Amino acid sequence: MRIQNPTRRPLKMVICFLVGSTLLVPLAGLLGPGGGSFFSNTAMADSEWLRTVPVVDDDEIAELIEGLGSQSYATRVRCRQRLSRIGLAAFDALRQARDHPDNEIAIVARKLTSGVEVPWAVSTDSPIVQEILNEYGSRSVLARRQRIGRLAALPTMEAFPALVRLTRYEPEPKLSRFAAMALLAQPVRATNELRSEWTTANADANTAGSRDDWLGLSAYDRSLMVTHLQQVFAKDTEFSGQWMLQYASELESGRFEPEGWTELIEAMESSWDIDEGASEQNAARGAIAAGATISGDEMFRLTWLNAERARVLGQIDDASRFFTRHIDVIPPRTRELTDAALWAIDHRLFDVITAAHAKHQSLFEKSPSLLYASAEALLESGQPELAVERTEQALALNPVVNSEDPEQPQLHPVLLESHAKAHLRIAANLIERGLSDWAQAEYRKLIDELPLHDVESTTARWELSEHLAELQQPAEVVALLQPLVDRMEKDDDFRHKLMAHDFDYQSLRSHLDFQAGLDLANKGDPAAASERMQNAFSMNPENIDILIAMYRLDWNEEWKVDVTGQIESVLAEIDEDIDETQQTFRETGNGRPGRQTAIREMLLANFYNQYAWLVSNTEGDYDLALKRSIESLEMSPGSDALLDTCGRCYYAVGNLPAAIVTQRKAVELTPNSPPLRRQLKMFEEAWLDANPGKSLQELPEVELPIAKASPQELTDRQRRLGVVPPDGPLSFLDN
């Protein structure tokens, strides 16, 4: 696709991380019977590991804590030093001592449990874990949250001991709960990544996995985790500790256990409720009121995360019932309701939408986004008439012109403009979700009700024309753009106004002529079509899709020779751009190396992609085109446009299985793109024609040398493009 210029690392010895964890041991100073350290950096058998859990005398700890208030300075110093050496084994007693009636004891206890003096990393942690936890306790709450998020991005078993450590001993309760949710989310994220590997197998083939590979964890891994969690949180009364014990039970059973979580949620509701003295604003924001110990946002995230865990484990009905049963935890805010609704639609959990609509009916009726989500759920569940009613209700919201009825209130022009922009955003979102008819109605509303010179009306015409072009409806595109281009050619003020809003006459005219040429070609008039296409390309030579259409236009030999010459000229220019870019960045030493590399790779990826797309759709060196396409993906992994090009290159060289799996990945990233889906259908039909009697399920397995983007890379790319990625049940880790 032309674009506009603009492994899991295996853990061989899991036990070594668990052995040295400070979760179950003092941080320093404990020796074995022979005078040696209880812990070594080497792995040991499970039974030996369990024997190394130290037994600390509770009476001794209580005596030491009382000694912190001694009248003797030497005694106070000795007790503090001893408690420091005992470390986290004395954590619970010290946490209780923070409210000691003796202020001096309480002050020292708070100091010892503040996390500042705790060496959070241990020698058996991997180097990256040690780097993340370096000086962890001295950092701000926000910085510590970010560190926990970094740990959550690591392989599950590598980060597990550290995250358990933070869940158990992090002095800030909300960070302890954040670490606990990160532990719950880690294997879910790992499983999603495992299912997106580059193979010809369907992404849904490994839906629930086997009980020996539960969420990407082996039975042995799970047994270690279960023992570890049960030992560490046996006496923990905090919410996070109770979550971890429930998690241990699920790791042991191999299933999500909704009843266990329901009991926990119901037990937390008394702490979640906002006090009577709390303001409505704080209640709406899900803030923790005085006396409460967990926020509404945390309850929502935990519930949504657990519904996702159930879904990933293949327990679809449990996921739907669980989220529906606790639908009241969704904050009464449009963003959270919309995100949860879209997630439910994506996974066909329509009961969740119905429950959310019933619970928050007034919010749904005021929000076009929520009404469209509800309509989509109705459409997918076989209720098209009711779905149409909801879309009409959504379309009527946010008027863009004032009523002619003098009895009706008149809206301020600024508010009307804001409404128009909201319709544009909604239409773009509906297109992304594959709801073309509803999106077109949104665009048509602006086109029909606003004057031609209005910027929002112009934007609606342009965006709708691009969508109709993707749907291969050139006559409709011409009908939309012709009045706009005619007005720009006659009205200088109008043209300058649109130029101030980034509308370029050359691009608009080129797009109009291109679509007019396609329409004429469809009507069997190649002479007129060639003239319009050539004019379109001369006005916008960067749009190589025009040149490809010219190459495919079946007219005469003279035309074919001329177009082939233009293709060779464009390819030579791209080669020059590549050489110039490489030379420029070799000679330029300005700026930071990282930024220079990023700019260089962005430019080269675009040039490589242009070359590959043009050649694979026309003629030239197909092998070089494939090589450059793969190189572009190494520089920018996970781009649907670049994957689309790579699929076409595999098709050009005759590797149909590779073309299909690559194109499937492009469609997976942008599932409702008509051009991507058309090309995938073409590849699949070509393979079926070449293999009579076979089905697509018999497609041979292939391994592709293509880099895979991480979820964070994909999210970052969306934000750079100005797209706000939808919030998901795991997105709290990235915020």
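Given the structure is predicted, the values throughout are model-derived calculations rather than measurements.
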Steps toward side chain to side chain contact (heavy atoms under 4.5 Å, CB included) verdict (E66, I105): CA-CA 7 Å; E66 291 300 323; I105 293 176; 4.0 Å; yes
So do [Y] and [X] actually touch side chain to side chain, heavy atoms under 4.5 Å?
X	Y	answer
R80	L83	no
R189	L733	yes
L302	L264	no
L166	L175	no
L349	W343	yes
I265	F322	yes
I294	F239	yes
E308	R311	yes

So how far is it from [X] [atom1] to [Y] [atom2], rounded to the nearest 0.5 Å?
X	Y	atom1	atom2	value
E631	C646	CD	SG	11.0 Å
Y136	N134	OH	CG	13.5 Å
W261	D318	CH2	CG	14.5 Å
T262	R325	OG1	CZ	4.0 Å
S636	L604	OG	CG	12.0 Å
R145	E170	CZ	CD	12.0 Å

Taking [Y]'s backbone N and O only, do any of them form a donor-acceptor pair with [X]'s side chain (distance below 3.5 Å, no angle check)?
X	Y	result
H100	D102	yes
R76	S70	yes
E257	E259	no
R144	R139	yes
E104	G69	no
Q242	D236	yes
T227	L224	no
E158	S126	no
R147	I132	yes

What closest approach, in Å, do [X] and [Y] show between heavy atoms, and which atom pair accounts for it?
X	Y	answer
T303	F323	CG2-CD1, 3.9 Å
V226	A248	CG2-O, 3.5 Å
L183	P187	O-CD, 3.3 Å
Y247	L229	CD2-CD1, 3.9 Å
I65	A97	CG2-CB, 3.8 Å
A93	I61	CB-CG2, 3.6 Å

T324 and R321: CA distance, side-chain angles, deciding distance, side chain to side chain contact (heavy atoms under 4.5 Å, CB included) verdict: CA-CA 5 Å; T324 300; R321 284 194 293 266; 5.7 Å; no
Thinking salt bridges, do [X] and [Y] make one under a 4.0 Å N-O criterion?
X	Y	result
D125	R165	yes
E63	R82	no
R301	E298	no
K174	D297	no

Side chain to side chain contact (heavy atoms under 4.5 Å, CB included) between L163 and Q186, intermediate numbers included: CA-CA 10 Å; L163 285 173; Q186 255 201 313; 3.5 Å; yes
Side chains of W304 and E336, donor plus acceptor under 3.5 Å: no
E238 side chain to S176 side chain, donor-acceptor N/O pair below 3.5 angstrom: no
Worked check of side chain to side chain contact (heavy atoms under 4.5 Å, CB included) between D221 and F160: CA-CA 11 Å; D221 289 341; F160 175 77; over 6 Å; no
